[in-house]
Amino acid sequence: MVAETPEITVHDNAESQCYDALIGDQVVGSIVYERSGQRLVFSHTIVEPEFRSRGIGTVLVTKALDDVRARGMTLTNYCEFVAEFIAAHPGYADLIDAEHPGHPRRHRAERIEGA
């Protein structure tokens, strides 16, 4: 039996500089960012442990990147989860700021070796 995930909404919480994923009124995940002019800088993605492996991170990243696009902004990314998502969904690669891309996605073996 597959457990269903209730509807997830994503809200840009500009005050705390996070895109929050909510189920009802409970924050279950966030992408932490800073704003730099017309560019957002993503630092990391968090999903509460009890809500992991339910697709919440994927919904969160998709909605956040769609919002970056809708606002006509660019992205500097330091978050590995977002980097892996963009690598798997190259239609979002154009959002990466050419002058300030952040860190490129590293292969899992490189992360393990510390390279």
Side-chain angles (χ1 to χ4, degrees):
M1 179 175 164
V2 177
E4 290 187 30
T5 300
E7 185 173 337
I8 302 161
T9 57
V10 176
H11 170 73
D12 178 11
N13 186 339
E15 185 176 314
S16 66
Q17 296 189 57
C18 293
Y19 280 98
D20 291 329
L22 299 103
I23 295 177
D25 61 356
Q26 180 181 6
V27 175
V28 298
S30 298
I31 295 176
V32 179
Y33 69 82
E34 292 180 31
R35 187 175 180 141
S36 179
Q38 280 301 107
R39 180 168 47 95
L40 289 184
V41 181
F42 285 6
S43 59
H44 57 276
T45 301
I46 305 160
V47 175
E48 294 297 328
E50 64 269 25
F51 292 96
R52 292 182 185 160
S53 299
R54 297 186 189 183
I56 292 168
T58 299
V59 171
L60 177 59
V61 172
T62 300
K63 301 245 185 204
L65 293 176
D66 288 346
D67 188 59
V68 170
R69 184 180 310 284
R71 292 180 184 201
M73 300 181 82
T74 60
L75 175 68
T76 296
N77 182 53
Y78 292 99
C79 173
E80 185 69 23
F81 185 82
V82 173
E84 289 181 5
F85 179 89
I86 292 172
H89 301 88
Y92 289 104
D94 64 313
L95 294 175
I96 299 295
D97 189 285
E99 292 183 36
H100 306 282
H103 291 299
R105 177 176 167 257
R106 296 189 309 170
H107 296 292
R108 190 170 301 275
E110 291 174 340
R111 290 195 310 264
I112 292 169
E113 295 172 9

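If you're wondering where the values come from, they're calculated on a predicted model, not measured in any experiment.
Aromatic ring pairs are classed by plane angle as parallel below 30°, tilted from 30° to 60° and perpendicular above 60°; the pair His89 and Phe85 is parallel. Phe42 and Tyr33 have tilted rings, their planes meeting at an angle from 30° to 60° on a 0 to 90° scale.
The residue from Leu65, Asp97, Asp94 that alone fulfils the side chain to side chain contact (heavy atoms under 4.5 Å, CB included) condition with Leu75 is Leu65.
In terms of hydrophobic clustering, with Ile, Leu, Val, Met, Phe, Trp and Tyr side chains grouped at heavy-atom distances under 4.5 Å, Ile31 and Val27 are assigned to different clusters. No continuous path of hydrophobic side-chain contacts links Ile46 to Ile8 [ILVMFWY only; heavy atoms under 4.5 Å]. Linking ILVMFWY residues whenever their side-chain heavy atoms come closer than 4.5 Å, directly or via other members, places Met73 and Val10 in the same cluster. A chain of hydrophobic side-chain contacts below 4.5 Å, direct or via other Ile, Leu, Val, Met, Phe, Trp or Tyr residues, connects Ile96 to Val61. Hydrophobic clustering of Ile, Leu, Val, Met, Phe, Trp and Tyr side chains at less than 4.5 Å, counting indirect connections, unites Ile56 with Val82.
We find the OG1-CG distance between Thr74 and Leu40 to be 8.0 Å, quoted to the nearest 0.5 Å. Taking CG of Leu95 as the reference point, atom CZ of Arg71 lies at 13.0 Å (rounded to 0.5 Å). Between Ser16 atom OG and His11 atom NE2 the span is 8.0 Å, to the nearest 0.5 Å.
Here the shortest heavy-atom pairing between Asn77 and Ala83 reads ND2-N, 3.3 Å. Scanning both residues, Phe51 and Gln26, for their nearest heavy atoms gives CE1-NE2, 3.7 Å. Cys18 approaches Val32 most closely through the heavy-atom pair SG-CG2, 4.0 Å. Residue Arg39 comes nearest to His100 through the heavy atom pair NH1-CB, 3.6 Å, listed as atom of the first residue, atom of the second, then distance. Between Gly72 and Gln38, the shortest heavy-atom distance links the atoms O-NE2, 4.0 Å. Residue Leu60 comes nearest to Tyr19 through the heavy atom pair CD1-O, 3.6 Å, listed as atom of the first residue, atom of the second, then distance.
Environment of CD in Glu48: crowded, with over 12 heavy atoms of neighbouring residues, nucleotides or ligands closer than 6.0 Å. In the displayed structure, Glu50 atom CD is contacted under 6.0 Å by more than 12 heavy atoms of other residues, nucleotides or ligands.
The backbone N or O of Val47 lies less than 3.5 Å from a partner atom in the side chain of Arg52, making a donor-acceptor pair.
Ion pair Asp12/Arg35 not flagged as a salt bridge, since none of the NZ, NE, NH1 or NH2 atoms sits closer than 4.0 Å to an Asp/Glu carboxylate oxygen. Looking at Lys63 and Asp67, no side-chain N of the basic residue comes within less than 4.0 Å of a carboxylate O on the acidic one, giving no salt bridge.
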